[in-house]
Amino acid sequence: MPAKLLEDYPVVKCVEGESILSVQRKHPVILIGHLLLLIFTISTIPFSFSLILFTFPDLLNIVLANRVFIVFGILILVSIFLEVAVYLYLSWYYHFYVITSKALIDRYSFRLGGEYSEVVFGDKMHVQDITRKPRNIFYDFLKIYDVYIYFHKLEREEPFIFRSPTNSQEIEDLIEKLSAQSKEMD
């Protein structure tokens with residue numbers, strides 16, 4: 001597999017001699033799941049509103065007499081749906097898992113409060129264990145796994161986690177290869 005060039009992914013700045021080995025996003029099924037949850041949530045609003053209207057018949061007559069209320073309500077629901085859907089898509093689109101020849105990077109570039117980046121550099125990459133776990137039985141069926149990378153206690157207490165990447169097997173293979181290379185250098 002040829003190494004990817006820095007120009008392909010300008011979100012990550014590499015040092016001299018460092019190459020990008022893999023860049024992945026979260027699996028697209030995650031995005032579809034979020035959108036289905038959003039559709040379910042938005043669709044419960046009209047049912048709740050109609051329950052309130054049927055509880056108060058005078059309010060029902062006012063709403064049915066003025067079609068503006070219905071059109072206004074539909075426009076509000078559609079705009080809320082579109083805004084949240086665009087936000088979910090951009091959050092998914094700008095979240096990268098990057099493996100370079102010298103680092104593991106979890107880069108989140110679309111955030112209202114600023115960018116987020118978690119990095120483990122090659123000199124700290126003394127891997128103790130690599131584990132792949134599904135979050136639930138549905139993800140297990142689709143073979144979508146979280147990849148947990150545990151390091152020796154002195155370097156890092158908590159594991160570095162790739163949450164639901166597109167190809168968890170590729171990540172595991174690359175980490176094992178990088179770990180073997182760092183052991184050879186020591």
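Cluster annotation: V84 is connected to L77 through the hydrophobic network of ILVMFWY side chains, with a link wherever side-chain heavy atoms come within less than 4.5 Å. Grouping the Ile, Leu, Val, Met, Phe, Trp and Tyr side chains by contacts below 4.5 angstrom, directly or via other members, places F47 apart from I76. Under a hydrophobic-cluster definition in which Ile, Leu, Val, Met, Phe, Trp and Tyr are linked whenever side-chain heavy atoms come within less than 4.5 Å, directly or via other members, L31 and V29 are assigned to different clusters. Each of F49 and L75 belongs to its own hydrophobic cluster when Ile, Leu, Val, Met, Phe, Trp and Tyr are linked at side-chain heavy-atom distances under 4.5 angstrom. Neither I161 nor V98 shares a network with the other; the hydrophobic side chains, linked directly or stepwise wherever heavy atoms of I, L, V, M, F, W or Y lie under 4.5 Å apart, form separate groups for each.
Side chain of S101 to backbone of S19: a donor-acceptor contact under 3.5 angstrom is found. The backbone N or O of V68 lies less than 3.5 Å from no partner atom in the side chain of N66, so there is not a single donor-acceptor pair. Side chain of T41 to backbone of L37: a donor-acceptor contact under 3.5 angstrom is found. A side-chain donor-acceptor contact under 3.5 Å links N136 to the backbone of Y139. Judged by distance alone, with hydrogens and angles left aside, the side-chain atoms of Y97 form a donor-acceptor pair with the main-chain N or O of R163 at under 3.5 Å.
Residues S117 and I105 approach most closely at OG-CG2, 3.9 Å, considering heavy atoms.
Annotation: cation-pi pair R107/Y116 absent, no NZ/CZ under 6.0 Å from the ring centroid and within 45° of its normal.
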>> Could you go through H95 and D106, starting from their C-alpha distance and side-chain angles, then the distance that decides it, and tell me whether this counts as side-chain hydrogen bond (donor to acceptor under 3.5 Å, both in side chains)?
In response: CA-CA 8 Å; H95 190 175; D106 180 2; 2.6 Å; yes
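Ring geometry for W92 versus Y89: interplanar angle of 30 to 60°, hence tilted.
Residue pairs that meet the salt bridge (Lys or Arg N to Asp or Glu O under 4.0 Å) test with at least one member in residues 132-141, sequence neighbours left out, are R132-E172, R135-D146.
For the residue pair T166 / Q24, no side-chain donor-acceptor distance below 3.5 Å is found, with atom types taken as modelled.
Atom NE2 of residue H152 and atom CD of residue E157 lie 13.0 Å apart, to the nearest 0.5 angstrom.
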